[in-house]
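Basis for what follows: all heavy atoms, side chains included, without hydrogens, waters or symmetry-related copies. Just so we're on the same page: letters track the sequence lines, and every chain starts at 1.
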There are 2 protein chains.
Amino acid sequence: MQSEKITSLRRTEEKRRYDDACGTAHGLELIGERWALLVLRELMLGPRRFSQLRADLPGISANVLSQRLTELEARGLVVRRKLPPPANVQVYEATEWGLEAEPIVQTLGRWAARSPSHDPTLPISGVSILLSVRTMFDRAKINGMEATINFRFGPDAYVAQIHDGEIDILRGEAEEAALTIASDPPANLAAVMYGKAPYELIEWSGDKVLLDRFVDLFELPPKAAVPAA
Amino acid sequence: MQSEKITSLRRTEEKRRYDDACGTAHGLELIGERWALLVLRELMLGPRRFSQLRADLPGISANVLSQRLTELEARGLVVRRKLPPPANVQVYEATEWGLEAEPIVQTLGRWAARSPSHDPTLPISGVSILLSVRTMFDRAKINGMEATINFRFGPDAYVAQIHDGEIDILRGEAEEAALTIASDPPANLAAVMYGKAPYELIEWSGDKVLLDRFVDLFELPPKAAVPAA
DNA sequence: CCGTATCCAATAAGATACTG
DNA sequence: CAGTATCTTATTGGATACGG
């Protein structure tokens, strides 16, 4: 049955190719199907389980997620890994090359943020927000800023290290963080960062001045002017 | 009928949304359908006609191209413009915001060039090659290089201006070009640039030293290491 | 020649139920 | 929980025909 699945996958891929030497076309063959880039996005900050992916990709169905993961694995962008006992669960992890797709996610996201039809009030995953932190911070305002900030989205913990004009993000929790932010749902943090909504929407503890400065780093880009329909 | 088409388009778009505030997801709603980004790519160096797009996107069918153009227009990424008499023909042109998608095309293309399954010998459009010129040149080797090079792909003429560490590309022909390169099919030029194939594959006239230096600017990136299947 | 419209067959996506 | 199986619907691509 496995070989049959692979055969049908190969037959499909041959038909749906673009027959174009352009790297962009080949990129679309690799990660251009519906949901594929979003699945990869969710793996950008570390391995995730099937059910976590399903929860963070509202509307994806189990069979499509399963198929996308199989394809991404066949293409060398994702590996499935069995965690050692006692956890003993299977997780999906981006390969090194898969992680190199992050600039695609960022470039596409930054461009689309200018869309007049972008609705920033929709639900969003914790991973997406933290990737947007890396993408959208104002480089002019960050100068000299050095800080460690903990984030919690339900059970998921991340640390942002603001250092030397860049922001690194890791899984986990830092003891020495000057600030801890928790948001449930994660969209509330987006409302605070990009909509300048009141802090009541999130939970936070620690350095309030740092929180102010952090929130001030983010601003949505101006909307693109589009011709009248 | 037009209103019916728009209604069905809207109904479709509602179902196929990602319901995700992440900019990347919204970007995929805008240019994530099959062929959409490639259509936009073909417009990156200036307006094109329907039949030119069809010819440069091997395998796209007329109805799909038509639908993609309608959608891109509805989203404000493309406008259709009627050239003044005596030409009197309709062309499709990227809007300013549409042109701002070029970094997406570039980032995706550069990433995918590392794919072990990328086949650079397939057919390719002139626009794709010249976009790759902008994307893939070696910044370390270009230092101090100043030149104007004409390109011809069948009836289409372009000029590359290498200046100040960057490469600009425009439609048209420059009188004062030091070098003129013609390639038919365009894939032959790709073979020369990236495969270091012999110059016999192309036609050229002018400064041979410049041609050597130009070709030397390009190199495919190393293939990504992927886990064994 | 430039598209658009229509019809058809193949496939992908979505919804739901089900199994180890 | 982690998927698979099955069924329905939507999209795609190919062919062809039609109007400007």
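Protein atom CD of B/Glu73 is 14 Å distant from nucleotide atom C1' of C/dG3, rounded to whole Å. In this structure, A/Gln67 atom CD and D/dT6 atom P are separated by 16 Å, rounded to whole Å. Rounded to whole Å, the distance from CZ on A/Arg54 to P on C/dT16 is 11 Å. Rounded to whole Å, atom P of D/dT11 lies 16 Å from atom CD1 of B/Ile60. Taking atom CG of residue A/Leu65 and atom P of nucleotide C/dA15, one finds them 14 Å apart after rounding to whole Å. Residue B/Trp35 contributes atom CH2, which lies 15 Å from atom C1' of D/dT11 at whole-angstrom precision. In this structure, CZ of B/Arg81 is placed 14 Å from P of C/dG3, rounded to the nearest angstrom. B/Arg17 places its CZ atom 14 Å from the P atom of C/dG14, with the value rounded to the nearest Å.
Residue B/Ala62 has its side chain nearest to C/dT4 when only C/dG14, C/dA13, C/dT4 are considered. Each of D/dG14, C/dG3, D/dT12 was ranked by its minimum atom distance to the side chain of B/Ser61; first place goes to D/dG14.
B/Arg34 and B/Glu71 are not joined by a salt bridge, as no carboxylate oxygen comes within less than 4.0 angstrom of a charged side-chain nitrogen. Residues A/Arg41 and A/Asp56 are not paired through a salt bridge, judged by the lack of any N-O separation under 4.0 Å between the basic side chain and the carboxylate.
Side-chain nitrogen and oxygen atoms of B/Gln90 include none within less than 4.0 Å of the OP1 or OP2 phosphate oxygen of D/dG20. The side chain of A/Ser66 contributes no N or O atom lying less than 4.0 Å from OP1 or OP2 of D/dG3. Put simply, B/Arg68 has a side-chain N or O that comes within less than 4.0 Å of OP1 or OP2 on D/dT12. Considering only side-chain N and O atoms, B/Arg34 lies under 4.0 angstrom from the phosphate OP1 or OP2 of D/dG13.
Using cut-offs of 30° and 60° on the angle between ring planes, the pair A/Phe50 and A/Tyr92 is tilted.
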Verdict with reasoning, B/Glu93 to B/Arg81, per salt bridge (charged side-chain N to carboxylate O under 4.0 Å, His left out): CA-CA 7 Å; B/Glu93 182 173 28; B/Arg81 206 153 53 81; 2.5 Å; yes
Residue pair B/Trp35, B/Leu65: steps toward the side-chain contact (heavy atoms from CB on, under 4.5 Å) verdict: CA-CA 8 Å; B/Trp35 294 107; B/Leu65 175 56; over 6 Å; no
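The residue B/Arg49 sits close only to the backbone: its heavy atoms come under 4.0 Å of sugar-phosphate atoms, none of a base. Using a 4.0 Å heavy-atom cutoff across all strands shown, B/Arg80 reaches sugar-phosphate atoms only and no base atom.
Mapping A/Tyr18 and A/Tyr92 onto DNA chain D by nearest heavy atom places A/Tyr92 at the nucleotide closer to the 5' end.
Donor-acceptor pairing under 3.5 Å, judged by distance alone, is absent between the side chain of A/Asn63 and the base of D/dG3.
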